[in-house]
K.L.:
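Take a look at the following structure, please.
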Amino acid sequence: MKILLVEDEPSVAAFLHQGLTEQDYTVDLAADGLLGLRRAQSTQYDCLILDQMLPGLSGLEVCRQVRAHDAGVPILMLTALGETDDKIRGLDAGADDYLVKPFAFEELLARLRALVRRRTEAPGPKAVLHLADLTLDPSAKRVERAGRVVQLTAREFSLLEYLLRNQGRVVSRANLLEDVWDMSYDSGSNVIDVYINFLRKKVDKGFEPKLIHTLVGMGYVMKVD
């Protein structure tokens, strides 16, 4: 199960990352609200854990913006603010549950299990992504261009989904390595270029208009010229 943890206190983030990893969760970390929002909007997670007070963008605002595009992902809010009004603001922003610091790690695990169990018992379809005559169905893991099925590997599918979710925006190689490959940026690696070339051959070759564009020195963007 993949979790996004957005927490700006290094000691708390390290503690939760270690504990969740030891429970066989895959955990992505973000230390501020802006990075947390970008990752939440570009990657599919089974659950989000958000601190309420974050630099850059508050946990409440991250929650609101995530909820506007994904009604189903479970969101657990962590905060040192334990007043009833604070809890109401978190729940009204779209959080599914609320845990006040300090808390027992076992309680966090129990709440995560409950959130994910509720989602599993009542799954909802994920929105199909479109650009020109290209469609990508995240739930069915199906891609079509001009009505023809495009066969992709799992990594190619993840890369295409990321580009489509960010269509019209330039994404750098560092973004792709960090968000799709879970790797730190290595300026000497050409893995991104290789997979972009694979995608072009399958998604763009033989079709018009071309959808995958390179901006030299900046990155890639999916758009219709």
Side-chain angles (χ1 to χ4, degrees), residues 1-80 90-91 93-101 103 105 107-120 123-124 126-127 129 138-139 154-155 157-159 161-166 169 171-172 174-185:
M1 198 168 84
K2 192 166 187 176
I3 293 173
L4 174 62
L5 171 62
V6 189
E7 169 61 65
D8 65 317
E9 294 183 36
S11 60
V12 176
F15 168 74
L16 292 178
H17 183 274
Q18 179 179 347
L20 291 169
T21 302
E22 289 175 354
Q23 295 294 319
D24 294 326
Y25 293 103
T26 299
V27 183
D28 285 350
L29 289 174
D32 64 74
L34 291 172
L35 178 58
L37 178 62
R38 179 165 65 83
R39 289 191 168 176
Q41 291 179 333
S42 62
T43 304
Q44 292 181 9
Y45 291 99
D46 297 293
C47 189
L48 309 185
I49 302 176
L50 301 177
D51 186 27
Q52 185 166 325
M53 301 177 66
L54 294 167
L57 197 66
S58 73
L60 291 176
E61 187 57 32
V62 173
C63 186
R64 289 190 189 99
Q65 294 196 37
V66 169
R67 213 26 110 221
H69 295 89
D70 188 342
V73 61
I75 298 177
L76 175 62
M77 191 78 72
L78 302 181
T79 184
L91 296 171
D96 297 285
D97 202 354
Y98 203 101
L99 194 55
V100 178
K101 299 176 181 177
F103 53 83
F105 183 68
E107 182 179 0
L108 172 70
L109 291 177
R111 290 177 183 248
L112 282 177
R113 289 193 296 268
L115 288 174
V116 174
R117 184 168 60 248
R118 288 203 294 268
R119 188 185 190 189
T120 303
K126 297 172 184 174
L129 304 174
S139 298
R155 184 68 72 183
F157 187 94
S158 296
L159 177 58
E161 182 177 359
Y162 183 90
L163 292 171
L164 278 172
R165 290 190 183 279
N166 289 277
R169 290 186 287 182
V171 293
S172 67
N175 293 149
L176 294 171
L177 282 171
E178 190 173 88
D179 294 335
V180 180
W181 268 262
D182 294 327
M183 294 166 56
S184 58
Y185 181 58

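Everything quoted here is computed from the prediction, not taken from an experiment. All heavy atoms count here, side chains included; hydrogens, waters and symmetry mates do not.
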K.L.:
Side-chain donor-acceptor contacts of residues 9-23 below 3.5 Å, not counting sequence neighbours, with atom names and distances?
P.N.:
residue: Gln18; atom: NE2; partner: Glu22; partner atom: OE2; Å: 3.2
residue: Thr21; atom: OG1; partner: His17; partner atom: O; Å: 2.7

K.L.:
Would you give the length of the straight line joining atom CZ of Phe103 to atom OG1 of Thr79, rounded to the nearest 0.5 angstrom?
P.N.:
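Phe103 atom CZ to Thr79 atom OG1 measures 11.0 Å (nearest 0.5 Å).
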
K.L.:
State, to 0.1 Å, how close Tyr45 and Ile3 come at their nearest heavy-atom pair, and which atoms those are.
P.N.:
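Smallest interatomic distance, heavy atoms only, reads CD2-C, 3.6 Å.
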
K.L.:
Look at the side chain of Asp46 and the backbone N and O of Lys2, then say whether any donor-acceptor pair between them is shorter than 3.5 Å.
P.N.:
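At least one qualifying donor-acceptor pair exists.
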
K.L.:
Looking at side-chain heavy atoms only, is the closest gap between Glu7 and Ile49 below 4.5 Å?
P.N.:
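Side-chain contact under 4.5 Å: no.
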
K.L.:
Are Arg67 and Asp96 close enough that some pair of their side-chain heavy atoms sits under 4.5 Å apart?
P.N.:
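Yes, their side chains come closer than 4.5 Å.
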
K.L.:
List the atom of Leu37, the atom of Leu57, and the distance in Å for their closest heavy-atom pair.
P.N.:
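For Leu37 versus Leu57, the nearest heavy atoms are CD2-CD2, 3.8 Å.
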
K.L.:
Restricting to side chain to side chain donor-acceptor pair (under 3.5 Å), what partner residues turn up for Tyr25, sequence neighbours left out?
P.N.:
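Checked Tyr25 against side chain to side chain donor-acceptor pair (under 3.5 Å); zero matches.
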
K.L.:
Taking the side chain as C-beta and beyond, is there a heavy-atom pair between Met1 and Arg113 under 4.5 Å?
P.N.:
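Sidechains of Arg113 and Met1: no contact.
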
K.L.:
If the condition is salt bridge (charged side-chain N to carboxylate O under 4.0 Å, His left out), which residues does Arg64 pass it with, not counting sequence neighbours?
P.N.:
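Salt bridge (charged side-chain N to carboxylate O under 4.0 Å, His left out) list for Arg64, sorted by chain: Glu61.
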
K.L.:
Could you tell me which residues satisfy salt bridge (charged side-chain N to carboxylate O under 4.0 Å, His left out) with Asp97, sequence neighbours excluded, listed by chain and number?
P.N.:
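Salt bridge (charged side-chain N to carboxylate O under 4.0 Å, His left out) check on Asp97 returns Arg111.
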
K.L.:
Do Leu60 and Met77 touch side chain to side chain, with heavy atoms closer than 4.5 Å?
P.N.:
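Touching, per the 4.5 Å side-chain cut-off.
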
K.L.:
Under the criterion side-chain contact (heavy atoms from CB on, under 4.5 Å), I'd like the reasoning laid out for Arg165 against Gln44: C-alpha separation, chi angles, the key distance, then a yes or no.
P.N.:
CA-CA 11 Å; Arg165 290 190 183 279; Gln44 292 181 9; 3.5 Å; yes

K.L.:
With sequence neighbours excluded, what pairs up with Asp8 under the side chain to side chain donor-acceptor pair (under 3.5 Å) test?
P.N.:
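With neighbours one apart ignored, the set is empty.
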
K.L.:
If you look at every heavy atom in Cys63 and Ile75, which pair is closest and at what distance?
P.N.:
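Nearest pair, atom of Cys63 first, then Ile75: SG-CD1, 3.8 Å.
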
K.L.:
State which residues pass side chain to side chain donor-acceptor pair (under 3.5 Å) with Ser58; sequence neighbours excluded, sorted by chain then number.
P.N.:
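Side chain to side chain donor-acceptor pair (under 3.5 Å) list for Ser58, sorted by chain: empty.
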
K.L.:
Test Val6 against Leu48 for side-chain contact (heavy atoms from CB on, under 4.5 Å), laying out the working first.
P.N.:
CA-CA 8 Å; Val6 189; Leu48 309 185; over 6 Å; no

K.L.:
Work out which heavy atom in Leu112 is nearest to a heavy atom in Cys47; give both atom names and the distance.
P.N.:
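Of all heavy-atom pairs spanning Leu112 and Cys47, the closest is CD2-SG, 3.5 Å.
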
K.L.:
Thinking salt bridges, do Asp32 and Arg38 make one under a 4.0 Å N-O criterion?
P.N.:
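Not counted as a salt bridge, because no side-chain N and carboxylate O are separated by less than 4.0 Å.
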
K.L.:
Who are the side-chain contact (heavy atoms from CB on, under 4.5 Å) partners of Ser42, not counting sequence neighbours?
P.N.:
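Scan of Ser42 (side-chain contact (heavy atoms from CB on, under 4.5 Å), adjacent residues dropped) gives Tyr162, Asn166, Asp179.
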
K.L.:
Counting C-beta onward and ignoring hydrogens, is there a side-chain heavy-atom pair between Leu4 and Thr43 closer than 4.5 Å?
P.N.:
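Counting from C-beta outward, Leu4 and Thr43 never come under 4.5 Å.
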
K.L.:
Indicate the atoms forming the closest heavy-atom contact of Arg39 with Ala30, along with that distance.
P.N.:
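Looks like NH1-N, 4.4 Å.
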
K.L.:
Taking the side chain as every heavy atom from C-beta outward, state whether Leu99 and Leu108 have any pair of such atoms under 4.5 Å apart.
P.N.:
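The answer is yes; the side chains approach within 4.5 Å.
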
K.L.:
What pair of heavy atoms forms the shortest contact from Leu78 to Asp51, and how long is it?
P.N.:
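In terms of heavy atoms, the two residues are closest at O-OD1, 3.0 Å.
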
